[in-house]
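One structure below.
Note that the numbering runs from 1 along the sequence shown for the chain.
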Amino acid sequence: MIGVSEGKDQEARAILELAGIDSDKYRIWHHNSIYVHAINEETKESVIVEKATLEVVKSPGALAGDPGLEK
């Protein structure tokens, strides 16, 4: 995992599971106090889960309320 420690990786995987995403199919790309960004290596689908709401978004800009980006 890129820049993710073992404990933080488990926390990020738990967030994905709570948001309804199968964490076994995704690699944690990045996460911080606001979101978890993961990528499905097989399909190249990227998902971002906002930690506070467990909302799944498709783009980091959507977390900032950018109306031009789809959720």
Nearest atoms (heavy-atom pairs only) where [X] meets [Y]:
X   : Y   : value
H31 : A12 : CD2-CB, 3.8 Å
H30 : Y35 : CD2-OH, 3.5 Å
A38 : L16 : CB-CD1, 3.9 Å
S23 : E17 : OG-OE2, 2.7 Å
T43 : N40 : N-OD1, 3.0 Å
V36 : K51 : CG2-CE, 3.7 Å

Atom [atom1] of [X] and atom [atom2] of [Y]: how far apart are they, to the nearest 0.5 Å?
X   : Y   : atom1 : atom2 : value
I15 : Q10 : CD1   : CD    : 12.5 Å
I48 : I39 : CD1   : CD1   : 9.0 Å
E50 : L54 : CD    : CG    : 9.0 Å

(message) Side chains of E45 and Y26: any donor to acceptor distance under 3.5 Å?
(response)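 Yes, a side-chain donor-acceptor pair sits under 3.5 Å.
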
(request) Using a strict 4.0 Å threshold on nitrogen-to-oxygen distance, state whether E42 and R27 make a salt bridge. (result)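 The answer is no: the pair does not qualify as a salt bridge.
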
